[in-house]
Structure formats: structure tokens, C-alpha cells
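Each remark here refers to the structure printed beneath this line.
Sequence lines set the chain letters: A, B, ... in the order given, protein chains first and strands last, and positions in each chain run from 1.
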Protein chains: 2
Amino acid sequence: MNSFTEENYLKAIFKLSKHKEEVSTNAVADELNTKASSVTDMIKKLADKKLVNYAPYKGVNLTDAGRKIAVSVIRKHRLWEVFLVDKLKFKWDEVHDLAEELEHINSEELTERLEEFLEFPKYDPHGDPIPDKNGNIDRHKEQTLADLSINETGIIVGVKDHSKSYLNYLDNVGLVLGAEVQILGVVEFDNSMSISINKQGKTIISNQASKNLYIKKPN
Amino acid sequence: MNSFTEENYLKAIFKLSKHKEEVSTNAVADELNTKASSVTDMIKKLADKKLVNYAPYKGVNLTDAGRKIAVSVIRKHRLWEVFLVDKLKFKWDEVHDLAEELEHINSEELTERLEEFLEFPKYDPHGDPIPDKNGNIDRHKEQTLADLSINETGIIVGVKDHSKSYLNYLDNVGLVLGAEVQILGVVEFDNSMSISINKQGKTIISNQASKNLYIKKPN
DNA sequence: TAATATTTTTAGACTTATCTAAATTTATTT
DNA sequence: AAATAAATTTAGATAAGTCTAAAAATATTA
């Protein structure tokens with residue numbers, strides 16, 4: 001059995017591994033709001049358990065065993081988010097902290113029954129793919145709204161930034177999952193965009209906002 | 001904020017308070033499968049937080065603040081049990097350990113939405129009353145099957161023993177919540193009973209089994 | 001490449017919850 | 001009421017996870 005803390009470290013390392021092969025001590029410390037010295041200690045412990053590969057001063061990465069645990073935690077997190085939003089009617093900006101606790105309840109039986117109860121969702125309320133019970137994840141296509149050019153159209157399929165403030169803002173302007181966005185214009189100076197949402201009106205959004213929205217181009 | 005451990009101690013003291021006004025250190029140690037010395041330490045900590053009244057060598061009991069926390073944990077435990085049985089189709093003998101983890105997730109919002117989702121159940125799958133959000137509990141009528149005499153009839157409304165083996169046994173003989181039991185005979189020697197269940201057949205049950213079944217007499 | 005800056009690790013301390021063993025208090029017997 | 005037994009508390013250790021400050025390693029810059 002692994003503690004909540006160990007699971008959180010594995011999850012953080014998994015997340016950071018997307019950007020870099022070797023994850024630095026400081027990166028983990030930042031991600032978990034802790035100190036580098038604490039990270040070193042925990043990494044050694046995880047290395048003893050063969051959950052990470054670790055060479056002092058060189059960074060860490062997950063072993064297959066470590067990755068398996070990380071993915072299973074993410075799977076639970078995302079399933080619980082679906083439960084909270086679909087069944088308990090929470091909003092997408094309210095569920096992260098609760099899922100952060102629920103994800104550590106380790107029962108395969110519970111996870112599978114929950115998944116079935118939710119009718120095998122493929123994505124969580126933020127559009128992130130839910131790993132299946134074997135640990136396979138539908139890799140996110142990394143196209144964002146900021147990548148589109150004038151007159152192009154995209155369907156919102158996910159968000160990169162999960163902060164309350166961002167999600168709340170998106171709700172307010174109507175940029176929710178499934179919305180169809182068309183680029184009306186781009187300001188060269190700061191890359192802010194003028195867009196229409198579901199063929200309606202004209203909204204101005206910053207580059208910061210547009211590059212955190214995952215989209216899919218229509219077929 | 002209180003730790004999982006503190007909540008478990010409060011819950012244990014609450015449970016034991018039903019039988020005795022002052023709860024002994026050893027009783028708590030037994031209930032939580034820990035040592036008396038550990039209990040003494042934790043009780044002092046809870047006393048510092050004004051969650052229990054404690055006089056060395058004299059036992060503990062809960063303050064109003066402590067009782068409030070204990071009841072809220074029990075409320076969450078029982079609501080989650082309903083969720084696990086009604087929605088996820090677990091059996092009543094499978095849910096205790098999971099509810100034991102879920103009960104420590106502290107979010108009033110979550111608890112109230114869960115309660116609403118479950119349509120405000122009054123009892124958990126073992127027939128135990130679910131405290132309302134103000135901490136009021138429907139006190140259990142303490143009548144058991146063992147209290148009935150020949151030819152009397154009772155409806156099963158709860159179980160006192162929550163062990164897997166007992167619940168499993170009850171399932172096997174058909175002694176589930178709502179079943180109507182009539183006493184056909186009592187053996188004076190060991191107080192074992194011969195009963196009919198839902199007016200069907202004849203089953204022999206031990207005194208140990210009958211005194212752990214709460215019943216309600218028909219009106 | 002030498003000097004400086006940054007990152008990472010080590011050393012030692014602290015907190016929470018636990019334990020064993022010994023000491024103390026309360027309860028029970030004779 | 002004294003002696004013994006049982007229950008409870010204290011003292012000192014241990015393990016997990018964290019921290020600060022100092023030391024060591026690596027990276028950067030002039």
C-alpha cells in the first residue's frame with residue numbers, strides 16, 4: 001500500500017513527465033507546493049520501492065510500476081469528477097479539490113462500479129480523457145484555439161488550465177465544452193482574438209485564454 | 001480541521017457512550033484496535049481542543065463540539081453506505097470499509113448534495129438511522145427479535161452486529177430488512193428460536209443471531 | 001576556465017500518531 | 001485494611017513527512 005502522499009508525488013511526476021523526460025526536484029516541489037528537500041527525501045523512498053528511477057542531481061522519472069499507480073489515481077480522479085458534475089450537479093470549477101481526496105480511495109471494485117454507474121464516460125468535465133482499467137489513455141491532441149487562423153472553426157473539447165478563475169470566466173462568456181468557435185480576427189500585437197461562439201455575437205479573448213482551450217477542427 | 005484519526009476517536013467514543021456515560025481508555029483501545037497508551041495521548045489532545053471532557057483515570061465523554069463532529073462523521077458514513085448499496089449495487093456486507101474511508105471527506109456541500117441525490121434516505125442499508133444535517137438522530141428502538149415470545153411477529157428494521165459473517169449469514173437465510181418474522185418456538189436451554197420468515201417454512205436461529213436483529217412489532 | 005549563480009542534497013530538528021516498558025492509580029480480594 | 005490485580009498514565013522510541021540552514025554538485029557567465 002502507498003500513502004496519499006506517495007500517490008500525490010507519483011501523480012505530480014507523471015504530469016511533469018509530459019513536458020520533459022527527466023523531472024527536476026524543483027519542478028516537483030513547485031507542483032506540490034513543498035520544498036526541494038522534502039522532494040529529495042520522498043523520491044529516495046519511491047526509488048527504494050522501485051516506483052521511480054532516480055539518479056542524484058539528474059532528476060526522476062517513473063518506472064512502469066510507478067506509472068501504473070499514477071494513471072490509476074488519475075483515472076479515479078476523473079471518474080469522481082464526472083460523478084460530482086453529472087450526478088451531484090456541481091459545476092466544473094468546483095470539483096477539483098473534492099476529486100483530489102476521492103482519488104485516493106483504493107478499491108478496484110469501487111472504481112469499476114463507479115465507472116459502470118456513470119456509463120463508461122470517456123472524458124471528464126474538463127475534457128480530459130479517462131484512462132481505462134488497464135491504464136490506457138487517449139492521448140490529448142494538443143491543438144488549441146490559439147492555433148486557428150481567421151475564419152477557421154473549432155469545437156471546444158477540453159481545457160488546459162483547471163483553475164477556478166479560468167473555468168469561471170469560460171462559463172461567463174459561454175466557452176463551454178462542445179461550443180463551436182469561429183475566429184473573426186486576430187490582433188497581431190498581443191494575439192488576442194475576436195471570436196463568435198455558436199455562431200453568435202463577437203467576443204474578445206486574450207491569447208492567454210485561447211491557448212488554454214483545446215479544440216477539434218470539424219471534419 | 002481534524003485528522004482522520006481524531007475523527008475516528010470521536011466516533012469510537014460516541015459509539016461507546018451509548019452503553020456508559022464515562023468511556024474507559026481500554027474500551028476505546030479495543031474499539032480502535034490500538035493500545036491504551038495511544039488512547040491516553042490522543043484523548044489529551046482532544047481534551048486540549050475541547051472536544052472531550054477528560055479526567056485522568058476517570059474516563060472520557062464528548063463535549064457538544066465533539067459530539068457534533070462524531071455525528072457528522074456517522075451521517076456521512078451512512079449516506080455513503082446508501083450510495084454504495086443503492087447506486088453502485090454493493091451488498092450490505094461489503095460497504096463498511098469503503099464508507100469508513102469516504103466518511104472523512106469533509107465538505108458540507110458534498111454531503112448535502114449526496115443526500116439529495118439519494119433522495120433523503122432515513123436509514124442506511126443496515127437499518128441504522130441517518131442523522132440530519134443539524135445532527136438529530138432518530139434513536140433506535142432497542143427491541144430485538146430475541147425479545148419476542150411465541151406466536152408474536154416482527155418486521156426486521158436493523159442489525160446490531162455489522163460483521164461480514166453475520167450479514168452474510170442473514171442474507172443466506174433470508175433475514176433481510178423488511179422481512180416479517182414469526183416466532184414458532186423457543187428452546188429454553190439456549191434460547192434458540194424456531195421462526196418463519198415471510199410466513200414461509202421454519203428456520204432455527206441461535207440466541208446470538210436473534211439478539212442482534214432489531215425488529216418493530218406490527219401495529 | 002575561473003568565478004558566480006542556481007539547483008540539489010544532506011544534516012538535524014519538528015510534528016503526528018504509534019508502540020513497549022515502567023510507574024502510578026484505582027479496584028478487588030482476602 | 002493490607003495485599004494483589006487490573007487499569008491507566010508517563011517516559012522514551014520509532015516512523016512518516018515536513019522544514020530550515022548548510023554543504024555539495026551542476027550550470028551559467030564573464
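In the model, D93(A) has no side-chain atom that pairs as donor or acceptor with a side-chain atom of H162(A) under 3.5 Å. A side-chain donor from one of W92(A) and D171(A) sits under 3.5 Å from a side-chain acceptor of the other.
Between E22(A) and K58(A), no side-chain nitrogen of the basic residue sits less than 4.0 Å from a carboxylate oxygen of the acidic one, so the salt-bridge criterion is not met. In this structure, E6(A) pairs ionically with K49(A), as a charged nitrogen and a carboxylate oxygen lie closer than 4.0 Å. E116(A) and K89(B) are not joined by a salt bridge, as no carboxylate oxygen comes within less than 4.0 angstrom of a charged side-chain nitrogen. The residues K11(B) and E103(B) are annotated as salt-bridged, a charged nitrogen and a carboxylate oxygen being separated by less than 4.0 angstrom.
Between F83(A) and F83(B), the ring centre distance stays below 6.0 Å. Here H96(B) and H77(B) bring their ring centres to under 6.0 angstrom of each other.
A cation-pi arrangement is not found for R67(A) relative to F14(A), the charged atom failing to lie both closer than 6.0 Å to the ring centre and inside a 45° cone about the ring normal. Judged by the 6.0 Å distance and 45° axis criteria, K160(B) is not positioned over the aromatic ring of Y166(B). For the pair K164(A) and Y169(A), the cation-pi criterion (under 6.0 Å, within 45° of the ring axis) is not fulfilled.
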Atom pairs under 3.5 Å, N or O on each side, protein against nucleotides 1-6 of chain D: can you list them with distances?
none

Please tabulate, one pair per line, each protein N/O and nucleotide N/O from nucleotides 25-28 of chain D that are separated by under 3.5 Å, including the distance.
| from | atom 1 | to | atom 2 | distance (Å) |
| --- | --- | --- | --- | --- |
| dA25(D) | O4' | Y57(A) | OH | 3.4 |

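Rounded to a whole Å, the NZ atom of K44(B) is 10 Å from the C1' atom of dT8(D). As rounded to whole Å, 11 Å separates atom C1' of dA16(D) from atom OH of Y9(A). A straight line from CG of D48(B) to P of dT16(C) spans 11 Å, rounded to a whole angstrom. When the P atom of dT18(D) is taken as reference, atom CZ of F4(A) falls 13 Å away, rounded to whole Å. In this structure, Y54(A) places its OH atom 10 Å from P of dT8(C), rounding to the nearest Å. Taking atom CE of residue M42(B) and atom P of nucleotide dT8(D), one finds them 18 Å apart after rounding to whole Å. Regarding D41(A), its CG atom lies at a distance of 13 Å from the P atom of dT20(D), rounded to whole Å. Taking atom CG of N8(A) as the reference point, atom C1' of dT18(D) lies 14 Å away to the nearest angstrom.
Near DNA chain D, meaning a heavy atom under 4.0 Å from it, residues 20-28 of chain B has S24(B), T25(B), N26(B) in order of number.
Residue side chain S37(A) does not reach the base of dT18(D) through any donor-acceptor N/O pair under 3.5 Å, judged by distance alone.
Listed nucleotides: dT9(C), dT18(D), dT10(D). Nearest to the side chain of T40(A): dT9(C).
One finds no side-chain N or O of S38(A) lying less than 4.0 angstrom from the OP1 or OP2 phosphate oxygen of dT18(D). An OP1 or OP2 oxygen of dT8(C) is reached within less than 4.0 angstrom by no side-chain nitrogen or oxygen of K35(A).
R78(B) places no side-chain N or O within 3.5 Å of a backbone atom of I130(B) that could act as its donor or acceptor partner.
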